[in-house]
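Worksheet for the structure shown next.
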Amino acid sequence: MQEHGGDIYSNRGLIDFSANINPLGPGEKVMEALKKSLEDVTAYPDPKCRALRAAAARRESADPEQIICGNGAADLIYTLVLAEKPKRALLCTPAFSEYEKALRTVGCEIRFHERREEEGFALTGRYLEELTDDLDVVFLCSPDNPTGRCIEETLLWEIAEQCRKKQIRLVVDECFLDFTEDAPWIHHELWIRENRMLFLLRAFTKMFSIPGVRSGYGVCSDTGLLERMQEARQPWSVSIPAQAAGIAALEDELLPAVTRQLISEERRHIMEEFDRMGIRYYPASANYILFYSGIDFYEQMKKEGILIRDCRNYRGLGKGYYRIAVKGQEDNEQLLDAMRRIIKRRKESSHGKANHDTGNHV
């Protein structure tokens, strides 16, 4: 069972729809910065990531002291947990597994809020009832992984306010936010000024298609937390190429804009085709779609040369749930054609079996 998407090393030669990466690639600015950074690899990286923090601060309308950089978002999740050592946490199901795994490393007691299938796995007002005074930290993801759904803005504000009043650390993972059509108008970084309990998680991995580089950052006005996080980690956690790529990504406004348009059009097309094929899916706002089927699409798609994400190992899901990335038009058509062939074979097989069972032979 795959732990995460993107395991191309065990599945060589397949078109990878299991990892939610920008199909347009890193862009010229990031690639140029990466190549140039190789000239400096004989030096140690800046352990304080000063240039990258300054660039992120400009983007986030924050002070550099309110930015912490990491070796990707997962690094920051583990570092925050190690620095805080929370006793009690609240997680949603289904959700990105690294929140739970990080919390387990410090022996944290974890409670789970079940997002219901009949509600499309959306976060609802029921969540507010579970924000009790004894909690130390909660993790949320918007757009959510694996459903691609964003948390409704009014509800997210209410959650942030409750966490502020009850002194619960609220980590909001927004690593896929830039793929959503509303991204240019959402500025949760402005909430940081009034809410020191809020920690926003960002990454360059997805939008700039550099998971192999590992670079991301967090935004928080609780500078004491950021100092503890810095003390809890190794001194050179973000490489010179990763810092250079991050700075270049923050200066590139064109690629995210073009990507949002592409993903919006292709996502809509895939969901329309799913409707035609009778596939049950969950409407998404990000660059991936969760769907359910009684067909073993994971194994069948591998036979078609395509790797998708089997989501049965997500807590709160199970057999039959799959996630696919939204890629470029050509790749997406290959995916859809393969799914049509699989469904057609399934129908022909079922029809043949029915005829055999009734004594009729075609």
Side-chain angles (χ1 to χ4, degrees), residues 45-86 99 102 136-142 151 153 156-157 159-178 183-208 214-239 242-253 256:
D46 176 4
K48 297 183 179 180
C49 300
R50 278 164 279 211
L52 178 53
R53 286 169 57 215
R58 289 192 295 271
R59 168 62 65 86
E60 304 290 349
S61 301
D63 297 326
E65 292 73 23
Q66 296 173 337
I67 305 291
I68 184 168
C69 301
N71 183 28
D75 172 47
L76 290 167
I77 292 167
Y78 280 82
T79 303
L80 184 148
V81 168
L82 184 60
E84 291 277 74
K85 292 185 174 61
Y99 309 143
D136 298 310
V137 64
V138 299
F139 283 84
L140 291 175
C141 189
S142 184
I151 301 171
E153 282 291 288
L156 185 58
W157 171 259
I159 292 169
E161 279 297 287
Q162 278 210 33
C163 288
R164 181 183 64 82
K165 293 174 182 177
K166 296 183 178 184
Q167 294 296 286
I168 303 169
R169 180 72 62 199
L170 170 60
V171 182
V172 181
D173 182 344
E174 295 186 334
C175 289
F176 291 102
L177 183 62
D178 279 344
W185 297 277
I186 295 177
H187 297 286
H188 297 149
E189 66 274 9
L190 300 180
W191 299 2
I192 291 289
R193 300 173 185 175
E194 305 298 328
N195 190 344
R196 65 189 299 273
M197 300 308 294
L198 178 60
F199 186 102
L200 298 177
L201 192 60
R202 315 280 203 217
F204 306 112
T205 302
K206 312 301 183 182
M207 174 56 72
F208 290 92
R214 313 303 303 145
S215 188
Y217 64 94
V219 191
C220 184
S221 60
D222 185 351
T223 55
L225 167 64
L226 303 190
E227 289 171 4
R228 293 194 300 276
M229 289 176 66
Q230 198 64 36
E231 292 171 358
R233 69 192 328 181
Q234 59 162 313
W236 302 290
S237 59
V238 188
S239 70
Q243 292 186 41
I247 294 168
L250 287 164
E251 295 172 351
D252 189 344
E253 296 182 358

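Side-chain atoms are counted along with the backbone in the values below, which use heavy atoms only and exclude waters and symmetry mates.
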Taking side chain to side chain contact (heavy atoms under 4.5 Å, CB included) as the definition, give me every residue that meets it alongside [X], ordered by chain and number, with sequence neighbours left out.
X      : value
Ile186 : Glu153, Leu177, Asp182, His188
Lys48  : Asp46, Arg50, Arg53
Ala160 : Leu170, Trp191, Asn195

Arg164 meets the side-chain hydrogen bond (donor to acceptor under 3.5 Å, both in side chains) criterion, sequence neighbours left out, with Glu161
For Ser221, the side-chain hydrogen bond (donor to acceptor under 3.5 Å, both in side chains) test, sequence neighbours excluded, returns none
Ring pair (Phe, Tyr, Trp, His ring centres under 6.0 Å) filter on Phe208, not counting sequence neighbours, yields none
Sorted by chain and number, sequence neighbours left out, ring pair (Phe, Tyr, Trp, His ring centres under 6.0 Å) with Phe139 holds for Tyr99
Applying salt bridge (charged side-chain N to carboxylate O under 4.0 Å, His left out) to Asp136 and not counting sequence neighbours gives none
Salt bridge (charged side-chain N to carboxylate O under 4.0 Å, His left out) filter on Glu189, not counting sequence neighbours, yields Arg202
Side-chain donor-acceptor contacts of residues 64-71 below 3.5 Å, not counting sequence neighbours, with atom names and distances?
residue : atom : partner : partner atom : Å
Gln66   : OE1  : Asp63   : N            : 3.2

Residues pairing under salt bridge (charged side-chain N to carboxylate O under 4.0 Å, His left out) where one sits in residues 76-86, two or more places apart or in two chains, turn out to be Glu84-Arg169, Glu84-Arg228
Contacts satisfying salt bridge (charged side-chain N to carboxylate O under 4.0 Å, His left out) that involve residues 243-253 (not counting sequence neighbours) are none
CG of Leu80 to CG of Leu201, rounded to nearest 0.5 Å, is 9.0 Å
